[in-house]
There are 2 protein chains.
Amino acid sequence: MLDTESLTTDALCRSILKRHRETIAVQKPDFAVRKLNVIITAALKISNRKGFHAMSLRDLAEESGVSMGGLYAYFDSKTTLLRMILGEVSSVVEQVLSDPPPEVAGDPLNHLKWLIATHVRLTEAMLPWFSFAFIEAKNFPPLERRMAVDSEERTEQYFAEVINSGIKNGCFDPDTSPLIAALVKPLLQDWYVKRAKYRRRKVTVEAYIEAVVRLITSACLGSGVVPHRVV
Amino acid sequence: MLDTESLTTDALCRSILKRHRETIAVQKPDFAVRKLNVIITAALKISNRKGFHAMSLRDLAEESGVSMGGLYAYFDSKTTLLRMILGEVSSVVEQVLSDPPPEVAGDPLNHLKWLIATHVRLTEAMLPWFSFAFIEAKNFPPLERRMAVDSEERTEQYFAEVINSGIKNGCFDPDTSPLIAALVKPLLQDWYVKRAKYRRRKVTVEAYIEAVVRLITSACLGSGVVPHRVV
DNA sequence: GTCTAAATCGAGCGAACGCTCGAAAATAGG
DNA sequence: CCTATTTTCGAGCGTTCGCTCGATTTAGAC
């Protein structure tokens, strides 16, 4: 369904360490990963409560149990910490969505369903990371902002491609609105942006996937009756 | 269609003045409204570029041309300025959406279409205000956060009510997913949250409304064929 | 033109910010 | 157990923050 082994905080921190080896002063990987885990978990916790900008490094030091100066063995500026998290999120999204299982690869309808389900499950497994990325991407340096916009655009591309190939295949309505691919994204984002609301209403992951799949596929399958194709 | 006269920055500032008369030290309404306009326009401009928290009052003083101390004749704290803007936004939403024209009031399908179109046009007319409200509502004090959540919940209610009455009326599919009302919101928000993207792609307001209306109404009208109702 | 009340100003306050650095503690090989 | 290296620490640096307040300018009635 979705390999959640590589999505544990530990695995993600190992990946972050690999990506930022030169800016992380700590040598021994065991030390580094363990502390990175603690630091990033704390950073996500505080940021998701009051925002990254409002989180001071003293807040972070207290919550993580790592001293002020100790933090700077793991990043050289607060912005680098931001970049570590955002970078990891867009890397994972790319990695997961670009690799559909063989049984859906040739079938646009099932591929579309798979994209939706996998995206929702991925964001569920990495909830604090995605909340963070969504909320913080807006108000930050041009470079980081671009990273987020590009990552999102790439995600939309996956949907656009599968919908287009479905139209060419003949299994999707050729009149499908070209905006559908763009409109899938906010539907998927709502799951983690407003997670508290859905939790309160006891909406399960499966129910949410089902609702989005029905909404989107029915738009792609046309008016519901057998299409006037087959020229 | 949508009365945009009461949505000019001037009219909105007049409303803000009325709501915060006791915290605004300036007596003469003309003076107050004119400066409020300047201050809030500047605040929206800076905040939408780099975030409300990152906007210093010195930034605001420079951009608006009002001195440091002068600003404090219009609000008693930076948080109050935030509250003024958020409060005005949710007030306007409430005001506009709660007042459907008589010709759609009894007709769920047209009422639903009207809600979608009016919401998109409203957010288009007050773009900087809605961008601000969406981005900033997340990372701020409990009270302000609640304000935003409640306002959003109320908006969703309008959709839930019209869909339910449509189901009871027999003009909507009784199998319509109970999540549809919740899913309309992110679709409407995308218009102003990702406004830059749609501008770049030359998507017009009308085209966007059309796409969302088609997506949602087709979900409410059931499988497309004549429903198996009429017991 | 004069006077009074309203409106505006900006230097300055204490607090909190991101970040540094020399000292202290922990780790591991011989 | 000693020593060399790595990791951790937290007081302190310069800067900027939200905010205040006495001085100054402006507006309008007579």
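Just so it is clear: chains get the letters A, B, ... in the order the sequence lines come, proteins before strands, and each one is counted from 1.
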Exercise. Atom CZ of B:Phe75 and atom P of D:dT20: how far apart are they, to the nearest Å?
Worked result: 11 Å
For this session: Looking at every strand, decide which applies to A:Ala61 at a 4.0 Å heavy-atom threshold: base, sugar-phosphate, or nothing.
Result: nothing
Problem set entry | Closest-nucleotide ordering on DNA chain D, the 5'-leading residue of B:Ala54 and B:Phe31 | B:Ala54
Exercise. Want to settle it: does B:Pro29 or B:Gly69 sit nearer the 5' end of DNA chain C, counting the closest nucleotide to each?
Worked result: B:Pro29
Problem set entry | Ion pair B:Lys197/A:Glu153, N-O distance below 4.0 Å | no
For this session: Using whole Å, report how far CG of B:Leu82 lies from C1' of D:dC19.
Result: 17 Å
Problem set entry | Gap between atoms CZ and P, on B:Arg58 and D:dG18 respectively (whole Å) | 7 Å
Seminar exercise, completed: A:Glu62 atom CD is separated from D:dT8 atom P, nearest whole Å, by 19 Å
For this session: Mark yes when over 12 heavy atoms from residues, nucleotides or ligands other than B:Glu5 sit less than 6.0 Å from its CD; otherwise mark no.
Result: no
Exercise. Is the side chain of B:Asp59 donor-acceptor paired with the backbone N or O of B:Met55 at a distance under 3.5 Å, no angle test?
Worked result: no
Problem set entry | A:Lys138 NZ/CZ over A:Phe134 ring centroid, <6.0 Å and within 45° of normal | yes
For this session: Using only side-chain N and O atoms of A:Ser67, determine if any of them is under 4.0 Å from OP1 or OP2 of D:dT8.
Result: no
Problem set entry | Pair A:Lys185 + A:Glu156: basic N to acidic O under 4.0 Å | no
Exercise. Counting any heavy atom closer than 4.0 Å, what does B:Tyr74 reach on the DNA or RNA strands: base, sugar-phosphate only, or nothing?
Worked result: sugar-phosphate
Exercise. In whole angstrom, what separates B:Leu81's CG from D:dC19's C1'?
Worked result: 14 Å
Exercise. How long is the line joining CG of A:Asp30 and P of D:dT6, in whole Å?
Worked result: 16 Å
For this session: State whether A:Ser56 places a side-chain N or O below 4.0 Å from either non-bridging phosphate oxygen (OP1 or OP2) of C:dA16.
Result: no
Seminar exercise, completed: 5'-most contact on DNA chain C (nearest-nucleotide basis), B:Met68 vs B:Val26, goes to B:Val26
Problem set entry | Nucleotide C:dT8, atom P - distance to NZ of B:Lys35 in whole Å | 4 Å
Exercise. OP1 or OP2 of C:dA5 sitting under 4.0 Å from any side-chain N/O of B:Lys28?
Worked result: no
Exercise. Within the pair B:Lys78 and D:dC17, is there a side-chain N or O less than 4.0 Å away from OP1 or OP2?
Worked result: no
Seminar exercise, completed: In whole angstroms, the gap separating P of C:dA16 from CE of A:Met55 amounts to 18 Å
